[in-house]
Amino acid sequence: MRTNLQVPFAEKDEAKRLGARWDAKKRVWYVQNMTDPAAFKRWLPDPESPAPGPGGVTASKPASTASTVRRGSRFFELPCDCLPWIGCAACQREVEARGWQALA
């Protein structure tokens, strides 16, 4: 059975080391036939969050708690689901508002 994960980009190498795989078509990390759910607990989707729609995209980003998510001091969420290194008009405004150099 396939289990999709919510892995932040900064933690992708750790998830991969534990056996997670990247689905490029759906743009989501997943584990096939998970034998040890404890290893992936922090990346398991919240059962109360909306189910992913077509392409693995959720209608809204799930809320996170500080106890389960480790992020850098300069982390901020983008208002869309595009890839940060590709960007879109919504990302550009948010990035520039934070004083960062605009994305590609």
Side-chain angles (χ1 to χ4, degrees):
M1 185 172 103
R2 176 180 165 139
T3 304
N4 289 341
L5 304 172
Q6 296 174 338
V7 179
F9 182 77
E11 298 177 12
K12 69 177 180 60
D13 292 330
E14 185 176 356
K16 185 177 179 179
R17 182 180 57 78
L18 292 171
R21 301 189 69 162
W22 174 249
D23 183 336
K25 192 172 189 179
K26 293 183 180 180
R27 296 175 37 193
V28 66
W29 284 94
Y30 70 95
V31 178
Q32 192 72 33
N33 300 324
M34 185 177 357
T35 57
D36 183 16
F40 299 97
K41 182 179 178 182
R42 68 178 149 178
W43 301 311
L44 291 173
D46 181 5
E48 295 181 14
S49 68
V57 177
T58 56
S60 63
K61 293 184 179 181
S64 60
T65 60
S67 62
T68 60
V69 178
R70 294 180 290 169
R71 296 183 172 148
S73 62
R74 299 176 73 182
F75 175 86
F76 62 92
E77 294 221 16
L78 294 174
C80 63
D81 289 326
C82 74
L83 297 172
W85 54 91
I86 294 174
C88 68
C91 290
Q92 297 296 330
R93 287 190 295 274
E94 182 67 25
V95 169
E96 291 168 359
R98 301 251 181 192
W100 288 76
Q101 183 180 19
L103 300 171

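None of the values given here were measured: they were computed from a predicted structure.
Here the straight-line distance linking atom CG of Leu5 with atom CH2 of Trp29 works out to 9.5 Å at 0.5 Å rounding. Taking CD of Gln6 as the start and CZ of Arg42 as the end, the distance is 13.5 Å to the nearest 0.5 Å.
Remark: Arg21 engages Tyr30 in a side chain to side chain contact (heavy atoms under 4.5 Å, CB included) (not counting sequence neighbours). Remark: Asp36 engages Ala38, Ala39 in a side chain to side chain contact (heavy atoms under 4.5 Å, CB included) (not counting sequence neighbours).
Asp23 has its side chain within reach of Arg2: a pair of non-hydrogen atoms, C-beta onward, lies under 4.5 Å apart. Contact annotation: the side chain of Trp22 never approaches that of Lys16 to less than 4.5 Å [non-hydrogen atoms, C-beta and beyond].
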